[in-house]
Amino acid sequence: MTGTLYNVTQTVFSSTDGTLIYAEAIGNKHLPALVFVHGLALSALVWAQILRDPRLLQFFYLVAYDMRGHARSGKPATIDGHSSKLYADDFAAVSNGFGLKSPLFVGWSLGSTIAADITFNLPPDAISGIVWTAPMPYLDPDVITAVAKPEVQDLLPGLASTDNVTLSAETKHAFVDTLFNDPPSVPWEIKWSWVGSSTLLRPEHLAIVTSRPQDPSGLFKAGARGLPLLVFSGGQDKQLRGEPVWEIARKYFKDSSVVFIPKGSHALFYDFKDQYVHELAKFAKRVFGIPK
């Protein structure tokens, strides 16, 4: 499989409000699909190595997109332009645009919150399951307080700064460094692509994308119906705590499991790629009924 060449499609889809959503897909479109969503201030570039992993491409069609407000997607400037329904519509535009049938949703960090939008606004068969990777499960003041660590909360004012160029730039570098176990060991081409993505989130939009209204009741109902959930957590995550998320998973999801990586970072899919891919593939095969 290592020598196989896969078709890569990069495109934009129009959401229901006209906002353009950048998306890319790689692999065999006739296979079950996994849809990946990045975290705060970043882009689909964070998944570059995962999307080209032959252990996944052998069994799955891999799709990723940039959230509205981020990177190569459109950037509505009002809270109305960041409604839960529109985030769900963005997912539907990507899913329908690539012809996907009930894909597995894979969210990282802030991107994990989109599962709440999907389950509240779209039909039950919009997704076959959920993977939360070092997640913020949904946006609620109490949940944010419980999950977000001081290290990341202290960086938000700098990320939102509009009048101090030096502070803004330094904060973006510091923010990206908190994602990894050993930032100096990360190749510059990777780190710069992630930092570069962060410059495309407008500082004045930060508060909107991190505090937009969400209703988690659809998520809870989906969990009660048996929608499968896999949670990845890292013991050395510098941004988010895993324990409050595990409690939510146990309380609301009949079919939930946790993969805890003791030395895992926030970007554990990068720092512990082999374990991440192994566990993700195992879960996805179970969800889609693919023999082991």
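- Criterion: ILVMFWY side-chain heavy atoms under 4.5 Å apart, direct or through other members. Under it, Leu45 and Val277 are not part of a common hydrophobic cluster.
- Not a single side-chain hydrogen bond (donor to acceptor under 3.5 Å, both in side chains) links Thr171 to another residue, sequence neighbours left out.
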**Leu219 and Gln214: CA distance, side-chain angles, deciding distance, side-chain contact (heavy atoms from CB on, under 4.5 Å) verdict** = CA-CA 10 Å; Leu219 188 67; Gln214 279 195 307; over 6 Å; no
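- Using cut-offs of 30° and 60° for the angle between ring planes, the His82 and Tyr87 rings count as tilted.
- Here His173 and Trp194 keep their ring centres 6.0 angstrom or further from each other.
- Looking only at side-chain heavy atoms (C-beta outward), Tyr22 and Gln10 come within less than 4.5 Å of each other.
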Quiz item: Can you check side-chain contact (heavy atoms from CB on, under 4.5 Å) on Ile50 and Val106, steps first, answer last?
Solution: CA-CA 12 Å; Ile50 299 295; Val106 184; over 6 Å; no
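- Under 3.5 Å, the side chains of Ser73 and Asp66 contain no donor-acceptor pair of N or O atoms.
- For the residue pair Asp215 and Ser217, a side-chain donor N or O sits within less than 3.5 Å of a side-chain acceptor on the partner.
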Could you list the donor-acceptor pairs under 3.5 angstrom formed between side-chain atoms of residues 142-158 and any protein atom two or more places apart in sequence or on another chain?
from: Thr145; atom 1: OG1; to: Pro141; atom 2: O; distance (Å): 2.9
from: Lys149; atom 1: NZ; to: Asp237; atom 2: O; distance (Å): 2.5
from: Gln153; atom 1: NE2; to: Ala148; atom 2: O; distance (Å): 3.2

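- In this structure the side chain of Ile114 reaches within 4.5 angstrom of the side chain of Tyr65, judged on heavy atoms.
- Between Arg212 and Asp117 there is a salt bridge, since at least one side-chain N of the basic residue sits less than 4.0 Å from a carboxylate O of the acidic one.
- The shortest side-chain heavy-atom distance between Leu139 and Leu110 falls under the 4.5 Å cut-off.
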Sequence neighbours excluded and cut-off under 3.5 Å, please list the side-chain donor-acceptor pairs for residues 280-292, or say none.
from: Lys282; atom 1: NZ; to: Glu279; atom 2: OE1; distance (Å): 3.3
from: Arg286; atom 1: NH1; to: Asp255; atom 2: OD2; distance (Å): 3.1
from: Arg286; atom 1: NH2; to: Asp255; atom 2: OD1; distance (Å): 3.1

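- A 4.5 Å side-chain heavy-atom check between Ser197 and His70 finds every atom pair outside the cut-off.
- With salt bridges taken as basic N to acidic carboxylate O contacts below 4.0 Å, one links Lys191 and Asp177.
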Under 3.5 Å, side-chain donor or acceptor atoms of residues 25-38 against the rest of the protein: list the pairs with distances, not counting sequence neighbours.
from: Asn28; atom 1: OD1; to: His30; atom 2: N; distance (Å): 2.9
from: His38; atom 1: ND1; to: Leu42; atom 2: O; distance (Å): 3.4
from: His38; atom 1: NE2; to: Met67; atom 2: N; distance (Å): 2.9

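- With a 6.0 Å radius and a threshold of 12 heavy atoms from other residues, nucleotides or ligands, Lys263 has its NZ atom at or below the threshold.
- With hydrogens and angles left out, the side-chain atoms of Asp90 and Ser15 include a donor and acceptor closer than 3.5 Å.
- Counting only distance, with no hydrogens or angles, the side chain of Ser198 and the backbone of Val195 share a donor-acceptor pair below 3.5 Å.
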Check the pair Tyr252 / Leu227 against side-chain contact (heavy atoms from CB on, under 4.5 Å), numbers first and verdict last.
CA-CA 10 Å; Tyr252 294 108; Leu227 187 71; over 6 Å; no
**OP:** Take Leu206 and Leu40 through the test side-chain contact (heavy atoms from CB on, under 4.5 Å) and record every step on the way to the result.
**Re:** CA-CA 9 Å; Leu206 181 74; Leu40 174 65; 3.8 Å; yes
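- A donor-acceptor pair under 3.5 Å is absent between the side-chain atoms of Glu204 and the main chain of Thr162, judged by distance alone.
- Under the rule for a salt bridge (Lys or Arg N to Asp or Glu O under 4.0 Å), Lys75 has no partner lying at least two apart in sequence or in another chain.
- Under the 4.5 Å side-chain criterion, counting only non-hydrogen atoms from C-beta, Tyr6 is not in contact with Leu62.
- Using a 4.5 Å cut-off on side-chain heavy atoms (C-beta onward), Phe91 and Ile21 make no contact.
- Using a 4.5 Å cut-off on side-chain heavy atoms (C-beta onward), Leu179 and Asp271 make no contact.
- Under 3.5 Å, the side chains of Thr178 and Gln239 contain a donor-acceptor pair of N or O atoms.
- Side chain to side chain, Lys172 and Ser168 meet the donor-acceptor criterion of an N or O pair below 3.5 Å.
- Between His266 and Trp108, the ring planes are tilted. Angles from 30° to 60° get that label.
- Among residue pairs with one or both ends in residues 119-140, those qualifying as side chain to side chain donor-acceptor pair (under 3.5 Å) are Ser84-Asn121, Ser102-Ser128, Thr133-Tyr276; sequence neighbours excluded.
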Item to complete: Output, in order, the C-alpha distance, side-chain angles, deciding distance and verdict of ring-ring contact (aromatic ring centres under 6.0 Å, His included) for Phe180 and Tyr270.
Response: CA-CA 8 Å; Phe180 305 103; Tyr270 175 86; 5.3 Å; yes
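- Two residues are said to be in side-chain contact when any heavy atoms from C-beta on lie closer than 4.5 Å; Val259 and Val231 fail this criterion.
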